[in-house]
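A, B, ... follow the sequence lines: proteins, then strands. Residue 1 opens every chain.
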Number of protein chains: 2
Amino acid sequence: MMISAYKTNPPLLFFKGLANDTRLAIIQVLKNGPKPVGEICETLGFEQNRVSHNLRCLEFCGFVSSERTGKKRIYSLNDETIAPLMQIVDNHIKTYGQNLMQCKVLRR
Amino acid sequence: MMISAYKTNPPLLFFKGLANDTRLAIIQVLKNGPKPVGEICETLGFEQNRVSHNLRCLEFCGFVSSERTGKKRIYSLNDETIAPLMQIVDNHIKTYGQNLMQCKVLRR
DNA sequence: TCGTCATATGATGATTTCGGCATATAAAAC
DNA sequence: GTTTTATATGCCGAAATCATCATATGACGA
């Protein structure tokens, strides 16, 4: 079993892609529908480059997609992955949310 | 929108729980059935305490469960969450796996 | 009770992550 | 062609992560 291969392990990268509060916040905003960068920045109160950096990741990794509309680039969720995924996450949190928030390893 | 609350955001912690190569490796081993710590260490070639640390997290956060059997503690997956979750992840990887591995943000 | 097997827990230093500052690039209007 | 609007990209320093070294705790048998 090759340990060094784990750092490029796609499931690992999948979870690392989502284990970031800025990216999760962006996903939350896009749940309400497609949005341009500027609007995401405003809604979240984040600097533009923070949002762009993270949209770059989200799009390249397939979590969101985008479409140029004039000067604006409108981003939207990849619902095929995100919708069922967040359903599972939400169900899990119903039972284990409190523990997740108090985990000594994650919150140390 | 409270930014400071994001660090204790349960979905974030859910993903952080899984965005770790040791913990994912353990999950991979447990897919083949319940196992004691020692056997997980052997299979993966990891030091015992590395495995214990991470099992602690996995169990507290609800991703695995355990049962004391004599001197051994047998760990098993929470299939209710992990099975459908990894299904979604695997499907996503079929399409976006290459990009995940080359993402400039995740792999910088 | 003591010794052995099995596992859990604490803390530190090394490595990884990530946003802000700075700047580049793209699209539209003039 | 230039200016304005909108967004993308690079890099550095600070913060977060995490395995190793060390040790503690638990279960069982003699």
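- For B/Asn54 and D/dA19, the shortest distance from a side-chain N or O to OP1 or OP2 is below 4.0 Å.
- Residue-to-nucleotide contacts include a donor-acceptor pair under 3.5 Å from the side chain of B/His53 to the base of D/dT20.
- Picking from D/dC18, D/dC21, D/dG10 the nucleotide with the shortest atom distance to the side chain of A/Lys16 gives D/dC18.
- Both B/Ser66 and A/Thr69 lie near DNA chain C, and the one whose nearest nucleotide falls closer to the 5' end is B/Ser66.
- Side chain of A/Arg56, nearest nucleotide from D/dA19, D/dG10, D/dA27: D/dG10.
- Not a single donor-acceptor pair, N or O on each side, falls under 3.5 Å between the base of D/dA19 and the side chain of B/Glu47.
- The closest side-chain heavy-atom distance from B/Glu80 to A/Asn91 is not below 4.5 Å.
- The side chain of A/Ser52 approaches D/dA8 more closely than any other nucleotide in the set D/dC18, D/dA6, D/dA8.
- Centroid-to-centroid, the aromatic rings of B/Phe60 and A/Tyr96 stay 6.0 Å apart or farther.
- In terms of phosphate contacts, B/Asn49 brings no side-chain nitrogen or oxygen within less than 4.0 Å of OP1 or OP2 of D/dA19.
- A donor-acceptor contact shorter than 3.5 Å is absent between the side chain of B/His92 and the backbone of B/Gly97.
- The residue A/Lys72 sits close only to the backbone: its heavy atoms come under 4.0 Å of sugar-phosphate atoms, none of a base.
- Protein chain A touches strand DNA chain C; the 5'-most and 3'-most nucleotides with an atom under 4.0 angstrom of its non-hydrogen atoms are C/dT17 to C/dA28.
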